[in-house]
A.B. asks: 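Handing you a structure now.
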Amino acid sequence: MNISELARLLKITPQELRKYLPRFGYDIGRRAIKINRGVANRIIKEWPELSKKIAEDKRIEAEKEDVTTAFVDKNIKIRIPKFITVRDLSSISGVPISAILSQLMKSGIFASLNEKIDFETAWLIGSEMGIEVKLEKDANKDEIKEENKLEKILEKEDEKNMLERPPVIVVMGHVDHGKTKLLDAIRKTDVVAGEAGGITQHIGAYQVKHKNQTITFIDTPGHEAFTAMRGRGAKIADIAILVVAADDGVKPQTVEAFRIIKASKIPYVIAINKIDKSGANIEKTKQELSSQLNIVPEDWGGKIICQPISALNSTGIDELLSIVLLTAETDAKNIKANPEANGVGTVIESNLDKGTGPIATILIQNGTLRIGDQLTLNNIIIGKVRCLNDFRNQKIKEATPATPVQIIGLKILPEVGDMIETGDGKKVRHKKVRKTISTKPDLPPESTKEKEDIKKVNLIIKADMLGSAEAIEESLAKINTDEVKTKIIHKGLGNITDGDLKRAEATGAKILGFNIKVPPAMEEIAREKKIEIKLYSIIYDLINDIKEDMLIALDPKFERIDLGRLKILAIFKTDKDGQIIGGKIIEGQATADASLEIVRGNEIIAKVKLIKLQAGKQDVQTVDKGEECGIQFKGKPIAIVGDKINFYQDKQLVTKL
């Protein structure tokens, strides 16, 4: 017998059958489609008793759920220090200790009443229960800002220990100007084929050799959706290559990338790509660079080198690499590190692996990272290096300055931009895996609180990588308007779960998945509960779809267009539903598809529906000024001779974001 057929007979959902029956001795798989007929008959026979047991289980689960969701609508907002005991968190928030402990256990954390948890964990627990948890204002006053931390570390190093390291190069530019093709030509590997839509979706790092010197390249995505990731890429680089297509010139994203480079205060060179194309015009491209970005090429008397290249044909690549090394030589005093120091690096990507757990790719910026090193984040121990993989995914024993390396052995998932150090740190109870992206949203000031009449599109975001989730959030924020906004109910990593479906059902949110999958069981539940799930591999496709949803959420706007006016000269027929009248067009034009208003004196006494427009006893579509016509309309009010009738149309305006 089909599970669905049995469920219909018992008036219960197939999911509930699969969930509860194994508790009572019936071995039914979580994905079972069919069940043995004899077993099914036994279940039907015992159903009166089984249904009571299931009802009791549901009641107990509902009570537990009520405890953790009872605070969702209470708008509770609390401030806590960086570390807090479970008991104190309960006291400050008003949430029962049992509810907090239950939520901690769901996250894989077994803590006692007096055990301290970090702010990140408390924030995660609060977000699951609908409580706004913020850090106390003074909690970070003694911390060194991330962007200054490396500078502070390097300042303490003895100059005699500082050695030259490979330069770190960031490649930036417009979405289709050949940025990834350039790296492909440099690395002699084909990465374009593996990227959705030809766009690099995640920050990656690679190393190449040129003239016996190592160069590290950071590849930041070129589409405008990745502004935040591009900014992080520029911060950890020594030199930037701005790619501009010779056949397309300077584009808005070119300008955006250039602003990030200028803000980071690093030297840069221009790679004028696609010189092999028929429409290529190198001089015109230089002219646009000069007029729009105030970049004066070296051969025009300026200081910026513009190297023509063809990434497709590998033309000019060697010359470009030589220019990069020359630029690095002129800035050599700033491209140094102490390889003997404790390892320090910045996270350029992180993700959850189902089998391995948290994985982070970091760029070592000082010292050397070795297998067995203890890792800390903000002086908190977050794991130990169990395995190091280089950019070719080959195992290595250590990573020296300017080396991109993948770390396995983390207990939590760091965020893109976090600075990881090696050495001693504090042991703090933390979640095993950050299943929720730990972005701590600040509440807006009272003067900027959202208006209640603003339309909202509720969304749940699930992505494979932190960088992707950040890019999606950044892009969604850009398309918000004063009339309609996106509201992110929940953000997380990994495949869609039952918890995501519950949130979507409770809030009416659409679930957006980026480079993830929907387990068949979750897909079936979503279908039954009519929860919309959309999966994407290209971010701007996601953004375009949400723009359409935002437009649908807006109330349509209409513009009134006055067409003409008629003066009633005769009443031919009056009944309970309307009239037939005769009159003369005194202004404009009457049309058969118009809406009608009856005007007496200066007052509109009724709006009626036009049924028929006739001239010379023939149905017509239009009657012009000065002509007479007959009208049949439907409506309750009775018009009289001398009244006027306005002809108008309500034209729906096209709304744009």
Side-chain angles (χ1 to χ4, degrees), residues 120 123-124 126-128 130 132-134 146 175 196 199-203 220-235 253 256 260 347-352 360 413-418 434-444 448 450 454-482 484-497 499-500 503-504 507 509-516 532-550 553 657:
E120 299 286 332
W123 180 86
L124 176 60
S127 67
E128 294 289 340
E132 186 77 42
V133 181
K134 297 181 71 178
E146 286 296 321
V175 64
I199 298 176
T200 307
Q201 301 291 355
H202 310 296
I203 291 178
T220 60
H223 192 266
E224 64 181 356
F226 300 93
T227 304
M229 293 169 69
R230 278 211 299 250
R232 283 198 174 96
K235 284 178 184 176
Q253 291 155 343
E256 182 183 30
I260 294 170
V347 177
I348 56 177
E349 191 45 85
S350 62
N351 68 291
L352 290 174
L413 190 67
E415 296 186 18
V416 174
D418 280 346
R434 281 189 207 173
K435 291 186 178 178
T436 302
I437 300 170
S438 56
T439 304
K440 284 76 71 178
D442 289 324
L443 288 175
T448 60
E450 292 183 349
I454 294 177
K455 303 291 184 182
K456 294 184 181 68
V457 176
N458 291 340
L459 302 172
I460 292 171
I461 299 172
K462 294 302 291 286
D464 59 336
M465 299 271 189
L466 283 171
S468 300
E470 282 189 345
I472 293 168
E473 186 176 13
E474 177 85 12
S475 301
L476 290 173
K478 283 184 178 181
I479 62 175
N480 285 339
T481 70
D482 292 337
V484 60
K485 294 181 182 293
T486 56
K487 182 177 181 181
I488 299 174
I489 304 299
H490 179 74
K491 304 185 296 293
L493 299 179
N495 291 338
I496 291 166
T497 65
D500 298 322
R503 290 187 187 93
T507 60
K510 174 189 285 189
I511 300 176
L512 307 179
F514 187 79
N515 283 340
I516 63 165
E532 187 174 0
I533 299 175
K534 296 293 289 290
L535 301 180
Y536 300 89
S537 59
I538 300 176
I539 289 185
Y540 54 76
D541 285 347
L542 180 153
I543 301 304
N544 288 338
D545 284 355
I546 298 305
K547 278 184 178 180
E548 292 182 10
D549 290 342
M550 292 170 72
L657 295 177

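Please read these numbers as outputs of a predicted model, since none were measured by experiment.
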A.B. asks: Rounded to the nearest 0.5 Å, what's the gap from OG1 on Thr481 to CE on Met550? Could you check?
C.D. replies: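 Answer for the OG1-CE pair, Thr481 versus Met550, is 5.5 Å.
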A.B. asks: Between CG of Asn458 and NE2 of His490, what distance do you get to the nearest 0.5 Å?
C.D. replies: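 That separation rounds to 14.0 Å.
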A.B. asks: CG of Leu542 to OG of Ser475: how many Å apart, nearest 0.5 Å?
C.D. replies: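 Leu542 CG to Ser475 OG: 8.5 Å, rounded to 0.5 Å.
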A.B. asks: Pair Tyr536, Asp545 - check side chain to side chain contact (heavy atoms under 4.5 Å, CB included), show working.
C.D. replies: CA-CA 10 Å; Tyr536 300 89; Asp545 284 355; 2.7 Å; yes
A.B. asks: Which heavy atom of Ala509 sits nearest to which heavy atom of Leu459, and what is that distance?
C.D. replies: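 Minimum heavy-atom separation between Ala509 and Leu459: CB-N, 3.9 Å.
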A.B. asks: List the atom of Leu476, the atom of Ile488, and the distance in Å for their closest heavy-atom pair.
C.D. replies: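 What the structure gives for the nearest pair is CD1-CD1, 4.4 Å.
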A.B. asks: Return the minimal non-hydrogen interatomic distance between Arg503 and Ile460, and the atom names on each side.
C.D. replies: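 Smallest interatomic distance, heavy atoms only, reads CB-CD1, 3.6 Å.
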A.B. asks: Taking only residues two or more places apart in sequence or in another chain, which ones pass side-chain hydrogen bond (donor to acceptor under 3.5 Å, both in side chains) with Asn495?
C.D. replies: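 Scan of Asn495 (side-chain hydrogen bond (donor to acceptor under 3.5 Å, both in side chains), adjacent residues dropped) gives none.
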A.B. asks: Identify, with sequence neighbours excluded, every residue that meets salt bridge (Lys or Arg N to Asp or Glu O under 4.0 Å) alongside Asp541.
C.D. replies: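 Expected list: none.
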A.B. asks: Checking Asn480 side chain against Thr486 main chain: does a donor-acceptor pair fall under 3.5 Å?
C.D. replies: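 Indeed, once roles are kept as given, a pair shorter than 3.5 Å links the two residues.
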A.B. asks: For the residue pair Ile539 and Phe514, what are the closest heavy atoms and their distance?
C.D. replies: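 Of all heavy-atom pairs spanning Ile539 and Phe514, the closest is CG1-CE1, 3.3 Å.
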A.B. asks: What closest approach, in Å, do Val484 and Ala553 show between heavy atoms, and which atom pair accounts for it?
C.D. replies: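 In terms of heavy atoms, the two residues are closest at CG2-CB, 4.3 Å.
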A.B. asks: Using 0.5 Å steps for rounding, measure from the CD1 atom of Ile516 to the CD1 atom of Ile511.
C.D. replies: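 Answer for the CD1-CD1 pair, Ile516 versus Ile511, is 8.5 Å.
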A.B. asks: Does Asn544 have any side-chain hydrogen bond (donor to acceptor under 3.5 Å, both in side chains) partners at least two apart in sequence or in another chain, and if so, which?
C.D. replies: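 Here no residue qualifies.
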A.B. asks: Provide the closest heavy-atom pair for Ile496 versus Lys462 in the form atom of the first, atom of the second, distance.
C.D. replies: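 Minimum heavy-atom separation between Ile496 and Lys462: CA-NZ, 4.1 Å.
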A.B. asks: Supply the atom-to-atom distance Glu473 CD to Ile461 CD1, rounded to the nearest 0.5 angstrom.
C.D. replies: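 Reported to 0.5 Å precision, the distance equals 6.5 Å.
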A.B. asks: Pair Lys510, Val457 - check side chain to side chain contact (heavy atoms under 4.5 Å, CB included), show working.
C.D. replies: CA-CA 8 Å; Lys510 174 189 285 189; Val457 176; over 6 Å; no
